[in-house]
Amino acid sequence: MRAGWWCSPRSLISPRASTIPRSTSAADDILVLQNAGPHAPECMPESGYLPIPKKLAQRGVKDMIRVSDARMSGTAFGTIVLHVTPDSASGGPLGLVRNGDRIRLSVKERRIDLLVDEAELKRRAAAAPPPQARPERGYARLYAQEILGADEGCDFAFLRPPAVAV
């Protein structure tokens, strides 16, 4: 495999992920925005649109793969993967991405894989800061306790119809 992108109709592999600072990003990097999903303290803000870094845009780069657990309203130009679930704040693999990691994206298979050794991922997960304490009362507590992941619509769990016994 050559340096830079390896492409086939089925998948793309980046030589490395870039999670800030953007000043060091290369055109063949995947930009990653973490901790912007429904379980993050910011409660899934509309921050999923990651612009092409200025230094790359000035060189004519028109598209980069951008990945986030955030949401975005409207449309944007380019390749953007949003609503990654489980989100970073829930302990999903997106939260374990570090600069230089390799990521494989397969649109056909609807997969995104972090190509990092399992032992390293376990080390990163163990070193991660503990989750924030849940609020004790009010809407913030209700939200933290009941919000579902993006794959389930970011709805409140108590709004789901009860399971029907078969």
Inset, instruction - Identify the heavy atoms of L96 and L121 that sit nearest to each other, and give their distance. - result: CD1-O, 3.9 Å

Inset, instruction - In sequence, state the C-alpha distance, the side-chain angles, and the governing distance for D29 and M64, and then conclude on side-chain contact (heavy atoms from CB on, under 4.5 Å). - result: CA-CA 7 Å; D29 286 349; M64 295 175 73; 4.2 Å; yes

Legend entry - Rounded distance [0.5 Å steps], CG in D101 versus CD1 in I30: 10.5 Å

Inset, instruction - Could you pull out all residues at least two apart from F158 that satisfy ring pair (Phe, Tyr, Trp, His ring centres under 6.0 Å)? - result: F156

Legend entry - Nearest atoms (heavy-atom pairs only) where D63 meets G78: OD1-CA, 3.2 Å

Legend entry - Nearest atoms (heavy-atom pairs only) where V97 meets Q34: O-NE2, 3.0 Å

Legend entry - Partner set under side-chain hydrogen bond (donor to acceptor under 3.5 Å, both in side chains) for S68, not counting sequence neighbours: none

Legend entry - Listed partners of E120 passing side-chain hydrogen bond (donor to acceptor under 3.5 Å, both in side chains), at least two apart: R123, R124

Legend entry - C154 versus M44, closest heavy-atom pair with distance: SG-SD, 3.4 Å

Legend entry - Check: H39 main-chain N/O paired with D87 side-chain donor or acceptor under 3.5 Å: yes

Legend entry - Min side-chain heavy-atom separation I52-R66 under 4.5 Å: yes

Inset, instruction - Identify the heavy atoms of I103 and L115 that sit nearest to each other, and give their distance. - result: C-CD1, 4.4 Å

Inset, instruction - Consider only side-chain heavy atoms of I, L, V, M, F, W and Y, link residues closer than 4.5 Å, and tell whether Y143 and L148 are in one cluster. - result: no

Legend entry - Shared hydrophobic cluster, L159 / I147 (ILVMFWY, side-chain heavy atoms < 4.5 Å): yes

Legend entry - Closest non-hydrogen atom pair between P38 and G149, with its separation: CG-CA, 4.1 Å

Inset, instruction - Check side-chain hydrogen bond (donor to acceptor under 3.5 Å, both in side chains) between N35 and all other residues, then give those that pass, not counting sequence neighbours. - result: none

Inset, instruction - Report yes or no: does R104 contribute a side-chain atom to a donor-acceptor pair with the main-chain N or O of R102 at less than 3.5 Å? - result: no

Inset, instruction - Scan for side-chain hydrogen bond (donor to acceptor under 3.5 Å, both in side chains) pairs involving residues 125-137, sequence neighbours excluded, and state none if there are none. - result: none

Inset, instruction - Applying side-chain hydrogen bond (donor to acceptor under 3.5 Å, both in side chains), name anything that partners D113, two or more places apart in sequence or on another chain. - result: R111

